[in-house]
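Only this structure's heavy atoms are used, side chains among them; waters, hydrogens and symmetry mates stay out. Fair warning: this is a prediction, and the values are worked out from it, not measured in the lab. Sequence lines set the chain letters: A, B, ... in the order given, protein chains first and strands last, and positions in each chain run from 1.
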Amino acid sequence: MSVAIVDETSAGTGIARPSDDILIDIYRKVALIRLNDDRSVAVLKSGRLSMPYYSPRGQEVIPSAVSAALREDDYICTIYRGIHDMLAKGMPLRDLWAEIAGRITGICKGKGGPMHLTYPDKGIMVTTGIVGSSMPIANGLAWASQMDGNDKVTVAYFGDGASNIGAFHEAMNLAGLWKLPVVFVCQNNQFSEHTTYAKSTAAERIADRAAGYNMPGERVDGNSPIEMYDAASRAVERARSGQGPTLIEAMTFRFSGHVYGDDDAYMDPAVKAEAVAADPVPRFRSWLLSEGIATETELAAIEEAIKVDLDEAVRFAETSAFPEIEELQRDVFADEDVK
Amino acid sequence: MSVAIVDETSAGTGIARPSDDILIDIYRKVALIRLNDDRSVAVLKSGRLSMPYYSPRGQEVIPSAVSAALREDDYICTIYRGIHDMLAKGMPLRDLWAEIAGRITGICKGKGGPMHLTYPDKGIMVTTGIVGSSMPIANGLAWASQMDGNDKVTVAYFGDGASNIGAFHEAMNLAGLWKLPVVFVCQNNQFSEHTTYAKSTAAERIADRAAGYNMPGERVDGNSPIEMYDAASRAVERARSGQGPTLIEAMTFRFSGHVYGDDDAYMDPAVKAEAVAADPVPRFRSWLLSEGIATETELAAIEEAIKVDLDEAVRFAETSAFPEIEELQRDVFADEDVK
Amino acid sequence: MSGENVVNILQSVNQALADAMADDAKVVVLGEDVGDPEGGGVVGATQGLSTRFGETRCRSTPIAEQAIVGAAIGASLVGYRPVAEIMLMNFTAVAMDMMVNHAAKLRYMSGGQTSVPIVIRTMTGAGFSNGGQHSDYVEGWFAHTAGIKVVAPSTAADAYGLMRSCIDDPDPCLFIENIPTYWLPDTAAVPGSRVPLGQAKVTREGTDLTIIAYSRVAREALAAADELAKAGISAEVVDLRTISPWDKKTVLASVSKTGRAIVAHEALRHFGPGGEIASTISEELFSKLKAPVTRLGAPTAPVPFSKPLEEAFMVGSKDIVPAAKVLAAYK
Amino acid sequence: MSGENVVNILQSVNQALADAMADDAKVVVLGEDVGDPEGGGVVGATQGLSTRFGETRCRSTPIAEQAIVGAAIGASLVGYRPVAEIMLMNFTAVAMDMMVNHAAKLRYMSGGQTSVPIVIRTMTGAGFSNGGQHSDYVEGWFAHTAGIKVVAPSTAADAYGLMRSCIDDPDPCLFIENIPTYWLPDTAAVPGSRVPLGQAKVTREGTDLTIIAYSRVAREALAAADELAKAGISAEVVDLRTISPWDKKTVLASVSKTGRAIVAHEALRHFGPGGEIASTISEELFSKLKAPVTRLGAPTAPVPFSKPLEEAFMVGSKDIVPAAKVLAAYK
Ligand SMILES: Cc1ncc(C[n+]2csc(CCOP(=O)(O)OP(=O)(O)O)c2C)c(N)n1
Ligand SMILES: Cc1ncc(C[n+]2csc(CCOP(=O)(O)OP(=O)(O)O)c2C)c(N)n1
Ligand SMILES: [Mg+2]
Ligand SMILES: [Mg+2]
């Protein structure tokens, strides 16, 4: 499988270009994810922070475009490699950083950590460390919306490797059968830990599996903001209007090893180099400039503001207290006295 | 979904008719399954036997035709509703009956019972009571054949409902990926316990799911000995020659409630009546006669011989001893002293 | 038991579900066959619910236990109170991830931001020749998991009251029904009544020893106590009702009084839930015990099919009575 | 530890797999990433195996734990000795059905006609901030299952010798590796040596009390014993090595001698495996015990992420020492 090529102009695809506002909104999210990743790696390298970190580098565009198609009250369920999905959906940096630093001021009081970040205020309902498990739960959120008769949509994020586990199948079938308002977004970064797509997945395209669940399935260039936004908007609209779920296979590439510290020796250097050369972040940025959608000053201001927020978030995290030992047995049940 | 119509002549399908010997072999198996079912119900009604009994009535042709395409040393893995699959593969009646009567002379010493009948001598390797679980294990048998470089084929039997559980998906993907010599035979009897196909399965056809696993998928009339034999032969040949797995969706109908004692009130009487009117067993029999493939005397002799065997098997079972209490903790581990 | 108030456990479960659904529109039921308007699942526990409340609120699912529990979890995160059926307890093995890694942990891992008020109903128990994959008691797996409550009634009134409490509860509950005792006639609960979670019940008072049990074996303990009484041994019976969190106070109070204890369940004795109860008693009442605490559980074997083996496998009064006589002999 | 013979547990596991594969062509390895020629899985336990023995015999799989264990079971039924990796112990939750309803039961349900000689390797343990879904010790689930053996070494030599025994064994074995102790330098096993399953080891002799533990906590017990010695308390340490079936004889012999016992593990104390050991000791040595048996285990909570909480969660010498002092005070 070759690396997805970003063509933000989507020339010849007949895809309508979203408004400039939307494009800039997407870029703001992309930049946030990109800069947060930089900062995370820097802080990890400094040794001031220690956590399992699954970098989303290379996959920034997917959730940014998806979230631009979502409402604030829509839900997402995501995975260990999900900080990009959450930032795009509105997770505040302070809450995030304090959590990954294990502080009591963290959004999960330091108990969840990076793999279990949760922020219901912005619809970030579940983050799971178990491959495949975001999907069955996403169905439940969508089922609730269906029963409530509201028009909220739920997005389930997962990886290419996750499309081979049982939970994927059960969830897809139920969603197709019950016509649930879910969008299944598979971020196909072509690796499951150390194993390539070709050694994991019998299907030529994961999107092909949708047919077996009576739902549309589409492979798109996840690194193209325009293609990704287009596919997401149609899927979200379909879900919102009661027509049921969609499977989107968003092609992308994982720029780092699986987890921070993993040397990625198993990745073909040529393939990786090609992907990195097509880095969607600078390409999107230059395209915005070349199309006159934003000026250098505007983009620099966006980035600067993010950096300021990051400084503040890291400072907040590092100066916050760790939880007291009493917290260890709190939040097991609603009733604290039950042990 | 309408009831599959048996057309043994397969006029117009272009399917080659198997030899008379094969057809008679298939009929012998069909009759064995049919008569064994009669006898099981009679003995259950008499109260002399008590067990969970999942009747295969209506599905006789599927494993009979599949087994006619298999060698004695090929493997099968089947399910609680699998007595037909096992009889077709050569499970001896005495061993079977003593087992379902819970006797020490049973093939599993009375410990397994009807849901766990096993007979490695004829390749009957696993019978499971867990929906979907025949498939991952079948892969393992096939993987062993692949590593051994022999040309044995493994058949995994399962129901339509099982095609919605995670194990199905994981097994199909692995088989497709590793090109395992397996044939997945889904007996689509249009019900999962009390629930119809339409309320269980998002896919229009289960066979359509094969595409997502890079393997051929085919829906056939499982009640037609000719179509079923044809599809099975091609799939078995494909597996034997190293080309990989096949998914066969064999359309059929469950003539009884899910389990003995279940009143099947949830089954649409008209649909059921139509299916029963198309009972594949008498239709196959009359067709064999009308085509001159066998004479009434020959078929009657086959049936008579089976009845004699059944008499003997039931007698053997009923006069055999129950296991001693010491058996309770034997066969937990190879070493009896480990508790 | 007066005529009018006689029901069985199965009917009580059905009644509790119906009453909860009538009281609260957020209570929904899902699982395999549960919406079948004719039967209501293989034993009929949900009979009539889809007819009365609609197929949306009592919804049949595909055979997909991860999808079932996952859907329950998701809906519970946003206000629903789903009751999910995992038909037989052995099938929890295909839903463990959703139950243990998710339902039980989401409140904690989110720092209390979310909660999972679901009930998972399941049935099990040897006695009907269902063999090795359809009869296991594996409550021990869940009792050993933080964040999920485990309940196992032995009477119709407890079945009703505990089910209502489980549905009310803000956290996930596993509700275990025993198949062989489903159809025994019993006294009905007061409609709307609750049995608090985590509270055991002394179902028979006695002075010589305490038998601690739950589910079917709690009934066997009563039968054993009757028989022991004839032999001049006065047995107190404690029905745990909730296995986790368990009612240490009631158990310890009883054993403090009697000085002798038997812990009995149908689950395997080997690394079984009885170990928690027995070792707590031994630890906390070290100097008060007149005899070692006896644990009874099934032998270390899968559940056998053959009738005589299955009967030998099942813990019952036949095992409790001789064990109690041995204990009573300690002075 | 002399220079040449120093290895760590991870290397010992790798060596045991390599030696077993060299000795027997029927030994095959499968699991996620295991065939990666560069790394050999996320921690490198299978490093070099696919290069040396070919990708057929050390085969990477999709992320599909049911398919992995199922394939292992099937191949084992016809002569193979597969070693399947379930990367982390929490992921056994998605493979429970294959492990518990199938691997553990097929011999019994077939009346001894078939057997399932597989090894399931898995790693776990708190200490690396992996949080609630990547750190659990759930050996209790499997110890409570008939038909599967459960092994948890704490030293490099035991890791080697137990792995070889598990591969030799005609029945399914679950082999638990602790992550934080993977890289500690330790004495290598004699190549080809075996450590028999079901045999505990007295890793330190003492007279005042016995500490029974396994996996990482067995090392903590030794550290605790050192510290206790300074306080004048002589602790004997028994490393169970095999959790199920466990070595009752060695444990009871030790506690008969010392009269005091602590059972310690990282798994939750609540309904944890310690209950089996503790209640057996209390039952069998009722009159010999000088003090109640103490069970130590993790508190009833998911594994927390935050460092100070995670440290508090993990049972260690910090918990064993004070508990031992309390016990030693009983006369
Ligand atoms: C059930 C389960 N099995 C294995 C793992 C270990 N694991 C964590 S991430 C991962 C790879 C997942 O690949 P993919 O789904 O493509 O997502 P990506 O990491 O590439 O984003 C694996 C195997 C897990 N977390 N859960
Ligand atoms: C994992 C699991 N869930 C539920 C059941 C209960 N159950 C037994 S048979 C059955 C229906 C299966 O339907 P299908 O696969 O179509 O096979 P059929 O019985 O029609 O032959 C169900 C739900 C089970 N045995 N295993
Ligand atoms: Mg991936
Ligand atoms: Mg069916």
Within 45° of the ring axis of A/Phe333 and under 6.0 Å from its six-membered ring centre, is that where the NZ or CZ of C/Arg107 lies?
-> no
Let me have the donor-acceptor pairs involving side chains of residues 87-102 of chain A, under 3.5 Å, with sequence neighbours excluded, atom names and distances please.
residue : atom : partner  : partner atom : Å
A/Lys89 : NZ   : A/Arg71  : O            : 3.2
A/Lys89 : NZ   : A/Glu72  : O            : 2.9
A/Lys89 : NZ   : A/Asp74  : O            : 2.9
A/Lys89 : NZ   : A/Lys122 : O            : 2.8
A/Arg94 : NH1  : A/Glu312 : OE2          : 2.6
A/Trp97 : NE1  : A/Asn36  : OD1          : 2.9
A/Glu99 : OE1  : A/Ile107 : N            : 3.3
A/Glu99 : OE1  : A/Cys108 : N            : 2.7
A/Glu99 : OE1  : A/Lys109 : N            : 3.2
A/Glu99 : OE1  : A/Gly110 : N            : 2.8
A/Glu99 : OE2  : A/Gly110 : N            : 3.3
A/Glu99 : OE2  : A/Lys111 : N            : 3.3
A/Glu99 : OE2  : A/Gly112 : N            : 3.0
A/Glu99 : OE2  : A/Gly113 : N            : 2.7

With a 4.5 angstrom heavy-atom cut-off, which part of C/Leu77 approaches chain A: side chain, backbone, both or neither?
-> both
Among A/Thr128, A/Asn173, A/Asn139, residue most engaged with chain C (heavy-atom pairs, under 4.5 Å) = A/Thr128
For salt bridge (Lys or Arg N to Asp or Glu O under 4.0 Å), just list the numbers for A/Glu327 and A/Arg330, CA-CA rounded to whole Å, side-chain angles, deciding distance to a tenth of an Å, and then say yes or no.
-> CA-CA 5 Å; A/Glu327 280 298 330; A/Arg330 279 192 199 133; 2.9 Å; yes
Contacts with chain C made by residues 143-154 of chain A (heavy-atom distance under 4.5 Å), listed by residue number = A/Trp143, A/Ala144, A/Gln146, A/Met147, A/Asp148
Can you tell which part of A/Ile124 gets under 4.5 Å to a heavy atom of chain C, answering side chain, backbone, both or neither?
-> neither
Checking ring pair (Phe, Tyr, Trp, His ring centres under 6.0 Å) for the pair A/His116/C/Tyr108: CA distance, chi angles, key distance, verdict?
-> CA-CA 10 Å; A/His116 307 299; C/Tyr108 190 83; over 10 Å; no
Any donor-acceptor pair under 3.5 Å from C/Asp239 side chain to C/Lys201 backbone = no
Does a side chain donor of either A/Ser200 or A/Asn164 reach within less than 3.5 Å of an acceptor in the other side chain?
-> no
Measure distances from C/Ser110 to the heavy atoms of chain A and classify the residue's part below 4.5 Å as side chain, backbone, both or neither.
-> both
Below 4.5 Å, heavy atoms only, C-beta onward: do C/Phe142 and C/Val100 meet side chain to side chain?
-> yes
Give a yes or no on whether a salt bridge exists between C/Arg241 and C/Asp158, defined as a side-chain N under 4.0 angstrom from a carboxylate O.
-> yes
So what's closer than 4.5 Å to chain A heavy atoms on C/Ile68: side chain, backbone, both or neither?
-> neither
Chain A contact via C/Val28 - side chain, backbone, both or neither, heavy atoms under 4.5 Å | side chain
So, C/Thr250 side chain and C/Asp247 main chain: donor-acceptor pair closer than 3.5 Å or not?
-> no
Against chain C, work out which of A/Pro323, A/Ala138, A/Pro136 has the most heavy-atom pairs shorter than 4.5 Å and name it.
-> A/Pro136
Per-residue tally against chain C (heavy atom, under 4.5 Å) across A/Ala142, A/Ala171, A/Ser133 peaks at A/Ser133
Any side-chain heavy-atom pair from C/Ile86 and C/Met123 closer than 4.5 angstrom?
-> no
Ignoring hydrogens and angles, state whether a donor on the side chain of A/Tyr119 or C/Gln113 is under 3.5 Å from an acceptor on the partner side chain.
-> no
Scan C/Arg81, C/Lys26, C/Arg194, C/Lys149 and name whichever one has a salt bridge (Lys or Arg N to Asp or Glu O under 4.0 Å) with C/Asp168.
-> C/Arg194
What option among A/Leu117, A/Leu174, A/Thr118, A/Val126 has the most heavy-atom pairs under 4.5 Å with chain C?
-> A/Thr118
Quick one: which of C/Asn101, C/Asp169, C/Leu197 has the most heavy-atom pairs under 4.5 Å with chain A, could you say?
-> C/Asn101
Considering only heavy atoms, which portion of C/Thr61 lies under 4.5 Å from any heavy atom of chain A: side chain, backbone, both, or neither?
-> both
Between chain A and each of C/Thr56, C/Thr114, C/Asp97, C/Ile73, count heavy-atom pairs under 4.5 Å; write down the option with the most.
-> C/Asp97
